[in-house]
Amino acid sequence: MRKRIIQSHNVLLLILILAFSIFLITLISLLIIYNNTINTYKAVLTDMVESDKTIIVTLAEKGLSEDAVAQIMKKSRDRLQSIGKTGEFVIADLNGKVVTFLLNDNIYPTPTYEQIMTEKAATPLKMAFTGKSGFVRGKDYRNVEVLAGYAFVKGFDWGIVAKIDVSEVNRPFRDAAYIAAGLALFCMISGSILFILITNPMIGRIIRSENKFRSLFDSSTDEIMIADFAGHCLEVNEPACLKLQYSRDELISMSLRDINSPEFRDRCDEIIKKLPEIGFMSYETEHITKTGQIIPVEVRTKVVDYNKSKAILKIARDITERKRTEAALRESNAMLEVALSSMTDAVLISDAEGRFINFNEAFVTFYRFKNKADCARTLAEYPVFLEVYLPNGEPAPLDQWAVPRALRGEICTNAEYTLRRKDTGETWVGSYSFSPIRNKDNAIVGAVVTARDITDRKRTELKILRLNEELEQRVRDRTVQLEAANKELEAFAYSVSHDLRAPLRGIDGWSLALLEDYQSQLDERACQYIERVRSETQRMGQLIDDLLQLSRVTRSQIQKAKVNLSALAQTIVKHLQETQPARQFDISIAPGLTAMGDARLLEIALINLFNNAFKFTGKLPLARIEFGKTIIDGRQVFFIRDNGAGFDMAYSTKLFGAFQRMHKQTEFPGTGVGLATVQRIIHRHGGRIWAEAKVDEGATFYFTINEAS
């Protein structure tokens, strides 16, 4: 079927070409013949007036009068009858401004001088009266278009004109053209009839093809419109009707201008005017629906053939979502600009070629520029006016600057550079942080760099370093002095303890001798007084021992090793139980408790803690004491718990002070130095100690070792 359609088209095309060729060849031939005919008439008419002019001049030279010459020339006018039926010979006499026709048999009235010289009539005679000779195509005194030869005879002041009507000349050519046009029309009609007869069976197929085109036309998601160059809609698709909320008939009765929002209508008119010259245009505009809703669209317009004429094809795509995305992007960029401008650190964003595409005001200040316009925009420009040095003082090559390192994929924070302006000599220190910018394919497309002027900080650090050096020297000096003072104090303490012990031993010994020798002579109260003297003397000796122990704990060198705290606790508890065999105990010591520390000092600490536990459970029928380990805030914590007298937590801040007591001496004897000793030992091991208790409900002492590590 398609082949037959093509063949029928070829037949029709062949017939039309043949008809047009016949018409064109005939027309060209007629034009050539017509042109030759005009040239022939021009030659004949020109020769006729020139020969008549010669005859008139010859007769005049023979002395004939004007009347005689005129009579002779009347005889020669019949020659024009051989040229054509409308051929005519005219001689007119010009006397001043009076024209007399000497030879004219026409029934039309002859024109006056004014008519000849001022109006369009009698063009050939007018040309002759100007004293010229030649050929002209124009209107004669009858106001009829003629071909005319003309000449002027001097002496007589005659004008000679030989002419023939153009209508007579054109008639045979016009008849021939009619015949050629009729023949061409006949061929075209015959060909059309033949084409209809051949293609008539395919009309159904063509209609179905048109329906298929309409289906495709309407299936597009874009608005599609066809309009003429006046802007009137000729065709629209279904999506255009749905989006604009008009029916198809309503849209076809409207123009492209009408569907644009008011502020874009003038622009629409300009585009329609320019489109025939340009052929294609793409632009953005806004459409307005029947209900007044504004829809941003992207439009592509093109000049196309539609129904055998040029028309405008307009395809509009709804870009509402894109506009929202662009608005969000603009808002994001605005927020970025605000964030950049509010930052005190210099911020720079570059592309992959090292061109600076964005930077903030702090960047301008950091590099000592006057304003943003004065800033260099590419990395290559900076070595011209800026020197950069590494922390070791060596000049930094360009590829070691922050931007090139980031573009190579490096990520860095707090990279220090020393910078110096070549023009002013100003020097400062910058701390840089930088990283590459990567796209979704992980390719590096740019770099972001932040910089902070840390010149003042570096100066302060230098001052602090110098102060630290001075302080360390002072500490060394004071340490030497303190060591000397400690040695003197140790010697003094030893001397005091030695000198105090002798009188105390004497008081205790003489009090015992007095009691043994004279007890029978003393009453009961006197004996009690002597016992109290001995007790206080012994307590004074114990206090001296505790103070000496506290002094040694503070001054002694720590020698760390792995210490088995569980084994130490077992030994201490066993000894305490042996000294108090009559008491009942429930003691629990967790196995495998170890710590890094000084075994001698840790033993002293445990002895004091277990002594307290034994002492403050002394009034209970069953003493429960537990030594173990727990985890508090992610750290290992040791504890010793008892069910003894406890204490009021309101006074817990005084617990570890020297000579601080929570109970009366008569109730629970002691010197008040033991817990102070324990605290100093724990502190020297990098730990801390604290207690939790309730009155008559027991107490728990917690401590850590090497907490800092």
Side-chain angles (χ1 to χ4, degrees), residues 282-284 296 298 317 319 321-392 394-424 426-455:
S282 179
Y283 59 94
E284 291 184 5
E298 181 183 53
R317 176 166 296 175
I319 56 173
E321 290 302 321
R322 193 183 81 185
K323 285 295 183 181
R324 288 174 184 167
T325 303
E326 291 175 352
L329 181 61
R330 286 193 298 270
E331 183 178 355
S332 176
N333 289 337
M335 292 179 64
L336 175 62
E337 290 296 331
V338 171
L340 288 178
S341 62
S342 64
M343 292 181 67
T344 56
D345 289 350
V347 180
L348 162 69
I349 300 174
S350 80
D351 61 13
E353 304 299 326
R355 293 184 291 266
F356 300 169
I357 57 179
N358 202 351
F359 50 83
N360 61 355
E361 289 293 338
F363 175 89
V364 179
T365 304
F366 180 82
Y367 283 102
R368 279 52 174 178
F369 291 111
K370 296 178 181 178
N371 48 56
K372 271 194 171 185
D374 193 39
C375 291
R377 300 285 175 154
T378 63
L379 179 65
E381 298 177 59
Y382 279 76
V384 176
F385 59 86
L386 187 68
E387 294 176 347
V388 178
Y389 298 91
L390 298 172
N392 60 8
E394 296 181 0
L398 187 61
D399 62 350
Q400 291 301 311
W401 290 22
V403 173
R405 290 177 63 183
L407 292 177
R408 289 197 299 269
E410 293 187 44
I411 299 176
C412 184
T413 57
N414 301 325
E416 292 186 7
Y417 293 93
T418 300
L419 301 96
R420 178 181 176 275
R421 289 279 301 214
K422 293 181 179 180
D423 49 357
T424 63
E426 185 177 1
T427 302
W428 68 98
V429 180
S431 175
Y432 285 79
S433 297
F434 50 83
S435 65
I437 301 174
R438 299 179 182 272
N439 61 14
K440 61 181 181 180
D441 298 324
N442 205 36
I444 296 176
V445 296
V448 58
V449 179
T450 62
R452 177 180 298 176
D453 190 338
I454 59 170
T455 306

With a cut-off of 6.0 Å (strictly less than), are more than 12 heavy atoms of other residues, nucleotides or ligands near CD of Glu426? yes

Does CZ in Arg317 sit with more than 12 non-hydrogen atoms of other residues, nucleotides or ligands closer than 6.0 Å? no

Between the side chain of [X] and the main-chain N/O of [Y], is any donor-acceptor distance below 3.5 Å?
| X | Y | result |
| --- | --- | --- |
| Gln400 | Pro397 | no |
| Thr455 | Val429 | yes |
| Asn392 | Glu394 | yes |
| Asn360 | Val347 | yes |
| Arg421 | Tyr367 | yes |

Does the ring centre of Phe385 sit less than 6.0 Å away from the ring centre of Phe369?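 Centroid distance Phe369-Phe385: below 6.0 Å, so yes.
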
Determine, using ring centers only, whether Phe356 and Tyr382 are less than 6.0 Å apart. yes

Pair Glu410 + Arg408: basic N to acidic O under 4.0 Å: yes

Salt bridge present between Arg368 and Asp453 (N-O < 4.0 angstrom): yes

Grab the two heavy atoms, one from [X] and one from [Y], that are nearest each other, plus how far apart they are.
| X | Y | value |
| --- | --- | --- |
| Glu381 | Thr378 | OE2-OG1, 2.8 Å |
| Asn371 | Asp374 | OD1-N, 2.9 Å |
| Lys422 | Val384 | CD-O, 3.4 Å |
| Arg405 | Ala415 | NH1-CB, 4.5 Å |
| Ala447 | Ala406 | CB-CB, 3.6 Å |

Atom pair [atom1]/[atom2] of [X] and [Y] - distance to nearest 0.5 Å:
| X | Y | atom1 | atom2 | answer |
| --- | --- | --- | --- | --- |
| Glu416 | Leu390 | CD | CG | 11.5 Å |
| Leu329 | Arg324 | CG | CZ | 16.0 Å |
| Thr325 | Ile319 | OG1 | CD1 | 11.0 Å |
| Leu379 | Leu398 | CG | CG | 4.5 Å |
| Arg452 | Thr344 | CZ | OG1 | 6.0 Å |
| Thr418 | Trp428 | OG1 | CH2 | 10.5 Å |

Quick check: do [X] and [Y] have side-chain heavy atoms less than 4.5 Å from each other?
| X | Y | result |
| --- | --- | --- |
| Ser350 | Val449 | no |
| Val364 | Phe359 | yes |
| Leu407 | Pro436 | no |
| Leu348 | Phe434 | no |

